[in-house]
Structure formats: structure tokens, C-alpha cells
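The sequence lines fix the lettering, A, B, ..., with proteins before strands; numbering per chain opens at 1.
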Amino acid sequence: MATQKPALAKGTRDFGPKEVQKRKYILNSIESVFKKFGFMPLETPAMENLATLEGKYGDEGDKLLFRILNSGDYLKDLKEFQNNTSIDTTNLPSSTGNVSDLDSKAASKFISEKGLRYDLTVPFARYVVMNRNDITFPFKRYQMQPVWRADRPQKGRYREFWQCDADVVGSDSLINEVELIQIYYEVFTTLGIDFKIRVNNRKILEGIAEYFNCNHRFSEFIIIIDKLDKIGYEGVFKELNDAGFINDSNRAILDSPELGLFKEGIQQIYPTFESQLKRLNSLFEDRNSEIGSHGVSELEKVLKLLDKSCKQFVELDIFLARGLSYYTGSILEIVATKGTLKSSIGGGGRYDNLTGIFGLPNVSGVGISFGLDRIYDVMEELNLFPNTVNRASSTQVLFCHFDEATQEYCLPALKVLRDAGIAAEVYPDVIRKKPIAKQLDYANALNIPYAAIAGETEMQQHVFNVKNLQTGEQTLIGTEELIRLINPFI
RNA sequence: GUGGUUUUAGCUCAGUUGGUUAGAGCACCUGAUUGUGGUUCAGGGGGUCGUGGGUUCGAGCCCCAUAUUCCACCCCA
């Protein structure tokens with residue numbers, strides 16, 4: 001049989017012992033903060049029905065869904081369609097009943113019914129609707145699981161990556177926004193990451209669109225406006241023009257540097273959040289933009305409730321438009337301020353209508369997400385992992401021996417150490433040639449700090465020759481002393 | 001989805017205008033050293049040059065296709 005060359009699927013990675021150790025450190029840090037704020041765990045399946053996933057993430061998102069081929073004879077329905085029997089073809093792009101007239105998107109409806117989850121929020125909304133009678137609202141849940149996107153991999157972008165989400169559904173209160181920002185603050189402070197939280201409100205964006213008379217093509221307009229800090233005023237104006245947004249009714253405003261005021265000017269001219277929001281509000285009042293004013297008052301309330309230490313990391317970005325199409329209120333985005341990763345390491349917002357799609361209207365939700373893999377990349381680049389998690393093995397002591405007799409002599413001591421809560425192991429094989437050198441090599445490779453060497457003489461004296469592998473010091477001590485050496489507090 | 005880039009030993013990478021048997025460092029194994037590692041010295045094993053085609057007397061090098069890596073755009077964690 002020909003051997004095949006082992007390889008990973010595109011955009012996926014293995015995590016060796018060291019990586020897992022460090023990823024768990026991040027996960028544990030996040031989870032403990034989630035718990036402290038009263039969130040409860042949830043896990044959902046890797047795959048969902050495509051009907052659950054499709055249409056929730058916009059057209060771009062639909063393209064990035066990983067679709068699962070139906071099991072069994074997955075061409076069966078397609079053949080039936082070809083034979084034009086019982087399938088309703090009215091909603092399909094091709095109603096000719098001819099397979100060759102179908103495009104891939106239409107054909108996929110016949111051969112794929114399930115997909116891998118794209119995020120954790122939509123499966124959560126699905127769960128809430130299905131379990132509405134058993135859930136006590138407001139429901140606070142956290143969820144830490146992998147998600148999949150059929151994206152082209154690049155820096156900070158993978159096809160399989162983990163999200164750590166905390167969401168509250170069934171509560172309109174802006175206290176939730178405040179608490180979620182506090183969670184961000186606590187987690188990133190604990191991990192030692194320099195960050196800033198960019199905040200905005202979807203209603204402010206809608207107010208801005210109204211201000212420029214562009215609310216008829218809201219998201220398109222906002223996506224262009226959002227690029228202001230990237231491509232500048234001229235770039236935005238050109239893109240708006242190319243997209244046909246500029247007309248006689250708004251040419252004057254867009255042409256004026258007032259557009260620049262929003263991004264380039266507003267933070268300089270108005271140094272505090274309060275003054276920025278006030279200025280924004282007066283613009284909205286000029287236009288009678290009720291929704292814009294509403295967004296301003298929501299943000300004002302959130303900022304008012306936020307404690308000082310937290311607030312210094314918050315930055316108002318009135319053009320921040322996160323892609324997910326389901327946000328209706330607050331919008332949050334986290335970026336690391338040091339390191340080379342420019343894209344966000346977390347994000348979130350409020351969504352009022354997500355459960356409505358599944359038949360449970362009037363339940364408002366708000367949530368945040370941590371991007372585990374990007375957080376890992378930032379911490380790795382900036383060397384932020386503590387030394388204790390940089391070790392692959394947690395073993396403290398390796399018992400080294402020369403033959404069967406001395407190996408057996410180690411076993412009772414090994415058990416005593418483990419019973420005392422100390423991670424310890426015995427080298428499993430008996431080595432005839434240079435046994436100690438081999439076993440010390442093993443301990444070094446695994447960064448094990450102590451070696452307990454048992455030879456003929458040690459066995460007779462009921463002791464071990466305990467070697468500190470960092471300093472090279474050796475002492476002859478018994479099991480009890482060995483325990484105290486490793487953990488003086490027992 | 002668009003554009004560019006990468007792939008040669010376990011790892012990181014050299015490899016001249018196409019020309020004998022494809023190299024280095026690290027790692028690994030053996031010995032100097034039969035109870036002591038991270039230092040030194042000597043020796044050793046290991047590669048269908050991503051894969052499949054093509055051009056050529058001859059291909060790691062040129063051409064085509066494909067996979068993959070990384071990067072930018074789009075979009076996003």
C-alpha cells in the first residue's frame with residue numbers, strides 16, 4: 001500500500017501539549033470571570049440545520065458557511081428534481097427542471113441540509129427559543145466552543161477557531177452592557193493584554209445615515225463610512241460617489257468638511273464622551289432624527305454607569321459598524337493596542353430580533369465574544385504567558401532508576417507523592433545503557449524540575465538522591481522531606 | 001470571491017546561466033564516559049526536492065495544472 005503524506009486541512013491547526021496548556025490558561029481566565037458575573041455554561045452541537053444558519057450573517061456570511069454533504073445517496077433529490085416529480089421548483093433560480101441549469105448555490109439545497117456553526121450567538125438564539133419554557137429570564141449563558149468559517153486563512157484568521165461568548169437574553173437593561181464591558185476589562189487586565197474597547201450604537205449609525213439622507217441603503221452606506229479612518233475623507237467621498245449615494249439633496253453636506261468632523265474632528269474638538277455625544281445629539285435634533293437621539297441617550301447611560309477604571313479603556317467610535325447584520329443597539333469591539341495584530345480580538349452588541357426569526361419575538365439580547373485564537377496570537381507575540389504555563393508537562397518529580405528492583409522501590413514513594421497532590425512520574429522502561437543520562441534527558445526535555453534517583457545504596461538507606469535539575473544540587477532525602485521540598489505548605 | 005507569495009532532511013533554511021553522488025545549522029543516534037543532563041570532541045543515520053503532467057541528451061532550477069503556506073483586498077474573531 002502506498003503511504004500517504006500526512007497533512008492538515010486548510011486553515012486548521014494541531015495544538016501540541018504546550019499550546020493546549022496556554023490555550024487552557026486563557027480559557028480558564030475567561031471562564032472564571034464569566035462565572036463571577038453569574039453566567040451559566042451552555043454547549044451546542046458543532047453542526048446545525050442550514051435553515052438555522054442561513055440568512056443570519058448577510059450574503060458574505062452565507063458564502064462562508066461550511067456545508068455538510070448529506071449522508072447516504074445525496075444525489076437522490078437532485079435526480080428527482082431532474083425527473084421533475086414532486087419537488088416544488090418555484091423558488092429555485094432554475095425552474096426548468098434541468099440539473100444543468102442549476103448553479104452551485106441552488107444545487108447545494110438538494111445535497112446539503114446541515115452546516116458547521118458559524119458563531120455561537122445564532123445557535124444560542126435557537127436554543128433559547130426551543131427551551132423558552134424551561135429558561136428563567138433574564139438568561140445569562142456563556143459558551144466556549146470552536147466555530148468554522150470557509151474563509152481564506154491569513155494573519156489572525158483561521159477556518160476553525162474558538163469563540164468564548166457571554167450573552168444575556170430577556171433583559172433590556174443597559175446594566176448588561178456595562179457588565180459585559182467590565183468582563184472585557186477584567187479578562188484582559190488579568191491576561192496582561194493592552195487593549196481598548198471601541199463602542200458605538202447601531203441607532204447612532206442609523207441617525208448618521210438619516211443625517212446624510214442615505215438611510216434607504218443603510219448597511220451599504222455605513223460600510224463605506226466606516227472606512228473613514230482607513231481611506232480618509234477623499235476615499236470615502238469617492239466610494240460614496242461610485243456607489244451612487246451622492247445626489248442633489250445630500251451633496252452639500254457630504255461635500256462639506258462636516259463629514260470629516262465626525263471622524264477626524266469630533267474627538268479632537270470634543271475631548272470627552274459627553275461632549276462628543278452632545279454634539280452628535282444636536283446634529284440629530286437638527287434633522288429630527290429620533291432614532292439617532294435614542295442611540296445617543298443609550299450610549300450616554302452606558303458611559304454614565306461605567307466605573308472609572310473601566311472607562312479609561314473605552315473609546316467612542318461613532319462609525320464603528322460591526323458586520324453581523326443582527327445588531328440593533330450597542331456595538332462593541334476590542335482591539336489589542338500592542339503587537340502586530342490589527343484586527344479585533346473580541347466584539348459584541350445588542351440584538352433585539354434574533355429570537356424573533358425563530359418565532360419568539362420581543363426578547364432582547366446582548367452579548368460579547370472573545371476570539372481565543374487571536375488572543376493567543378497576541379499573547380504569544382508579546383510573550384505574555386506566565387512561566388508556569390509555558391511548561392508542557394506539569395510533572396514535578398521524575399523517579400529515575402537502574403533496574404527492576406530500584407524501579408519497584410520507587411513505586412510506593414510515587415504513590416505517596418501523588419496522594420499529596422504532587423504530579424510525579426516514574427520512567428516506565430528499564431534502561432541498561434547509561435540509564436541516568438537517558439532519564440535526565442527525558443526530564444530536561446519535559447522541563448521537569450526534580451529527579452529522584454534510586455540506586456542500590458539509596459534503596460538500602462530508604463532515601464532518594466534528589467537532584468534539582470536547574471541548579472544541579474543533590475541531596476539524599478526520604479519521601480516526606482521530598483514532599484516538603486516541593487511543596488513547603490503541605 | 002480577487003491579487004501576490006511559499007513549499008528542498010524531524011525543524012529552520014542554502015542550492016550559481018538547466019550539467020557528476022542535492023548541502024549547512026539545530027535535533028536525533030553511537031562513542032570518548034557501565035551512577036548524572038543542558039558544555040566539548042569524534043563518528044553516523046536520515047531527502048521520489050509538495051503532487052501530477054510537460055519541455056530537454058539531462059530538471060530542485062524552465063512550462064502547465066493542482067494542493068498547501070503566508071500576506072493584502074473583501075469580510076471578520
Please say whether more than 12 non-hydrogen atoms of neighbouring residues, nucleotides or ligands are located less than 6.0 Å from NZ in A:Lys18. no
Between B:rG37 and B:rG25, how many Å separate the two P atoms, rounded to a whole number? 24 Å
Could you check whether A:Arg149 makes a cation-pi contact with A:Phe161, meaning its NZ or CZ is under 6.0 Å from the centre of the six-membered ring and within 45° of the ring axis? no
Determine the interatomic distance between C1' on B:rC49 and the same-named atom on B:rC13; round to the nearest Å. 13 Å
Between A:Tyr427 and A:Phe399, does a ring-ring contact (aromatic ring centres under 6.0 Å, His included) hold up when you go through it step by step? CA-CA 6 Å; A:Tyr427 197 86; A:Phe399 284 92; over 10 Å; no
With a 6.0 Å cut-off (strictly less than), is the heavy-atom count around CD of A:Glu43, excluding the residue itself, greater than 12? no
To the side chain of A:Lys433, which of B:rA77, B:rU30, B:rC71 is closest? B:rU30
When only distance counts, do a donor and an acceptor, one from the side chain of A:Asp441 and one from the base of B:rG37, lie under 3.5 Å apart? no
Do A:Gln470 and B:rG38 share a donor-acceptor pair, side chain to base, under 3.5 Å? no
Among the nucleotides B:rU68, B:rC76, B:rG37, which one has an atom lying closest to any side-chain atom of A:Leu440? B:rG37
Ignoring the backbone of A:Glu60, work out which of B:rU36, B:rG31, B:rC75 is nearest its side chain. B:rC75
Pairing partner (Watson-Crick or G-U wobble, both distances under 3.5 angstrom) of B:rG35: none
Gap in Å between the two P atoms, one belonging to B:rG4 and one to B:rG10, rounded: 32 Å
Using the side-chain heavy atoms of A:Ile453, tell me which of these nucleotides is nearest: B:rA77, B:rU36, B:rC75. B:rU36
Could you tell me how far apart A:Lys227 (NZ) and B:rA72 (P) are, to the nearest whole angstrom? 16 Å
If you draw a 6.0 Å radius around CG in A:Asp14, do more than 12 non-hydrogen atoms from other residues or ligands fall strictly inside? no
Provide the distance between the two C1' atoms, one in B:rG47 and one in B:rG15, to the nearest whole Å. 14 Å
Is there a side-chain contact between A:Phe218 and A:Arg202, using heavy atoms and a 4.5 Å cut-off? yes
Any strand counts, and the cut-off is 3.5 Å on both contacts for Watson-Crick or G-U wobble. Which nucleotide pairs with B:rU66? B:rG50
Determine whether any donor atom in the side chain of A:Gln439 lies under 3.5 Å from an acceptor atom in the base of B:rU36, or the reverse, and answer yes or no. no
Measuring from the side chain of A:Lys10 (C-beta onward, heavy atoms only), which nucleotide among B:rG35, B:rU68, B:rG37 has the closest atom? B:rU68
Given the C1' atoms of B:rU6 and B:rC74, what is the spacing between them in whole Å? 23 Å
Under 4.0 Å between a side-chain N/O of A:Gln154 and OP1 or OP2 of B:rA72, yes or no? yes
In whole angstrom, give the distance that lies between atom CZ of A:Phe161 and atom C1' of B:rA77. 5 Å
Side-chain donor or acceptor of A:Arg152 under 3.5 Å from a matching atom on the base of B:rC74? no
State, yes or no, whether a side-chain contact exists between A:Asp373 and A:Trp162 at a heavy-atom distance under 4.5 Å. yes
Among B:rC75, B:rG35, B:rG37, the one nearest any side-chain atom of A:Leu469 is B:rG37
Would the base of B:rU36 count as contacting A:Lys467 through its side chain, where contact means a donor and an acceptor less than 3.5 Å apart? yes
Rounding to the closest angstrom, what is the interatomic distance between B:rG23 and B:rA9 at atom P? 14 Å
NA contact type, A:Gly455, heavy-atom cut-off 4.0 Å: base, sugar-phosphate, or nothing? base
Under 4.0 Å from OP1 or OP2 of B:rG37: is there any side-chain N or O of A:Lys434 that close? no
Rounding to the closest angstrom, what is the interatomic distance between B:rC41 and B:rG35 at atom P? 26 Å
Who is the Watson-Crick or G-U wobble partner of B:rA59, with both distances under 3.5 Å? none
Sticking with atom C1', work out how far B:rG44 lies from B:rU8, rounded to a whole angstrom. 22 Å
Compare the minimum distances between each of B:rC70, B:rC75, B:rG35 and the side chain of A:Asn465, then state the nucleotide with the smallest one. B:rG35
